[in-house]
Protein chains: 2
Amino acid sequence: MSGLRARDPAPAKPAATEPARRPRRPSGGPGSLLEVAVAEFNTRGYDATSMEDLSRAAGITKSSFYHHFAGKEALLRAALERALDGLFGVLAEPGAQTGTPSERLRHIVRGQVRVLMADLPYVTLLLRVRGNTETERWALERRRAFDAEITALVRAAVDAGEVRAGVEPALAAKLLSGLVNSIVEWYRPGRPGTATLPDDVARAAFAGILPAAA
Amino acid sequence: MSGLRARDPAPAKPAATEPARRPRRPSGGPGSLLEVAVAEFNTRGYDATSMEDLSRAAGITKSSFYHHFAGKEALLRAALERALDGLFGVLAEPGAQTGTPSERLRHIVRGQVRVLMADLPYVTLLLRVRGNTETERWALERRRAFDAEITALVRAAVDAGEVRAGVEPALAAKLLSGLVNSIVEWYRPGRPGTATLPDDVARAAFAGILPAAA
DNA sequence: CCCCGTCGACCGATCGTTCGGTCGGAGAGC
DNA sequence: GCTCTCCGACCGAACGATCGGTCGACGGGG
């Protein structure tokens with residue numbers, strides 16, 4: 001049907017100075033459909049974001065979106081996979097596998113903050129998953145596994161006497177994760193203090209957020 | 001999906017001792033429509049929860065629900081108001097108004113944890129608001145005001161020399177809020193360690209989550 | 001008798017998804 | 001160099017389902 005061409009009202013995407021250039025959509029880099037979608041998910045929330053919202057933000061139609069992704073949930077899974085890969089990648093680093101429990105924990109905290117900053121939108125999305133679909137439950141499960149490793153390491157540090165006696169490993173691990181993960185609520189790239197953030201957070205975790213004056 | 005549902009009229013609500021008596025729905029207490037709704041919002045997420053989900057959970061029809069509440073958003077506002085009242089109530093307490101900045105901060109942290117535990121579902125909902133509707137933006141604004149007071153107090157503590165020099169007030173305040181607020185992700189009432197939680201969290205904030213052994 | 005709480009039926013809008021078809025660039029054959 | 005064919009990217013229109021919300025009726029206790 002149709003056949004009407006009419007050069008659709010491109011939503012402020014193509015620069016007027018440029019001729020009919022091929023935008024050539026990248027597949028994983030900046031400006032990719034996944035990146036655009038994740039940004040929308042984080043602004044409005046996954047459930048509140050419609051496929052039309054995504055299409056509009058990407059500058060293509062809803063139908064075109066389905067040419068690149070199987071559906072809304074496939075988009076979510078791809079994003080969550082990226083976040084989880086980054087997080088588990090930290091656990092696999094040499095610095096997380098060698099040294100005293102305390103040293104390993106310090107390395108993991110710094111690495112976690114580093115990944116969180118580098119893949120901010122993806123990690124943000126991961127931390128907001130509620131478990132409505134099978135994909136979300138899968139992500140929740142993997143997060144649980146990650147947290148379990150942290151808890152085990154905290155327990156090892158307490159048992160080794162590296163941490164003050166009386167600290168409850170389960171509680172400390174939860175507070176530790178909470179401290180680190182809360183960074184997604186306010187961190188935005190390109191602001192001052194970015195370079196020292198991993199160290200600052202590690203220091204706060206070990207010495208206190210509000211340590212008494214010397 | 002899973003649309004199939006087997007005649008689920010009253011979810012374990014009616015007392016067996018009573019005959020077919022009118023359940024007499026309370027307006028603010030346990031079992032109230034608001035409480036049921038907030039619980040649903042927290043499990044599925046506000047946007048993913050339909051009015052039919054709420055009605056089913058409350059044991060009445062959708063239309064009956066609209067007899068008690070103006071709509072979905074009115075429900076949300078009532079819940080957010082309750083959470084915010086609790087939080088700002090802490091700031092108004094004598095312990096939060098007198099003493100050194102450091103003492104006041106310690107009191108506020110403990111009080112914040114206390115409110116969070118007492119009004120867990122409401123505070124949980126508040127902390128997940130994204131800003132999609134006017135109501136959500138209003139809640140976000142009030143949260144921002146709350147955080148601003150904390151930041152000012154942290155700055156005062158640093159200026160007074162009560163906190164180790166070099167601590168950035170803005171960063172410390174954000175980490176502090178993140179630490180406290182993350183409790184809603186795992187705390188569930190009726191578990192051991194509940195009584196000491198406010199003190200435990202305050203200690204973690206001031207002395208560190210993983211303090212070095214003495 | 002009236003009125004409060006409840007109900008089933010229904011509304012328009014929007015949801016995620018599908019489908020048939022258009023367009024233009026990249027080769028293949030000559 | 002010039003067609004012809006193919007194919008991936010894209011599109012408008014429409015699908016059934018479900019969304020938040022409305023309406024008129026009914027029934028039983030004060």
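To find a chain, count down the sequence lines: A is the first, B the second, and so on, and within it residues start at 1.
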Take the protein atom CG of Leu75(A) and the nucleotide atom P of dT17(C), then report the distance between them rounded to whole Å. 10 Å
Taking atom types as modelled and ignoring hydrogens, do the side chains of Asp53(A) and Thr49(A) form a donor-acceptor contact shorter than 3.5 angstrom? no
Ignoring hydrogens and angles, are the base of dG12(D) and the side chain of Thr61(A) linked by a donor-acceptor pair under 3.5 Å? no
For the pair made of CE in Met51(A) and C1' in dT18(D), what is the distance, rounded to whole Å? 17 Å
Pick the closest DNA chain C nucleotide for Tyr46(A) and for Ser64(B) by heavy atoms, then say which residue is nearer the 5' end. Ser64(B)
Which residue lies toward the 5' end of DNA chain D, His67(A) or Lys62(A), if each is placed at its nearest nucleotide? His67(A)
If you take all heavy atoms of Val180(B) and Leu116(B), which pair is closest and at what distance? O-CD1, 3.5 Å
Please report, rounded to the nearest Å, how far the P atom of dG16(C) is from the OH atom of Tyr66(A). 7 Å
Between C1' of dT14(C) and NZ of Lys72(A), the distance in whole Å: 12 Å
For atom CD of Glu52(A) and atom C1' of dA13(C), their distance in whole Å: 12 Å
Checking the side chain of Lys72(B) only, and the main-chain atoms of Tyr46(B) only, is there a donor and an acceptor separated by less than 3.5 Å? yes
NA contact type, Thr49(A), heavy-atom cut-off 4.0 Å: base, sugar-phosphate, or nothing? sugar-phosphate
Salt bridge Glu134(A)-Arg77(A), side-chain N to carboxylate O under 4.0 Å: no
Between dT17(C) atom C1' and Glu73(A) atom CD, what is the distance in whole Å? 13 Å
Among dG20(D), dT6(C), dT17(C), which nucleotide sits nearest the side chain of Ser50(B)? dG20(D)
d(CZ, Phe69(A); P, dA9(D)) in whole Å: 12 Å
What is the distance, to the nearest angstrom, from the CZ atom on Phe65(A) to the C1' atom on dG8(D)? 17 Å
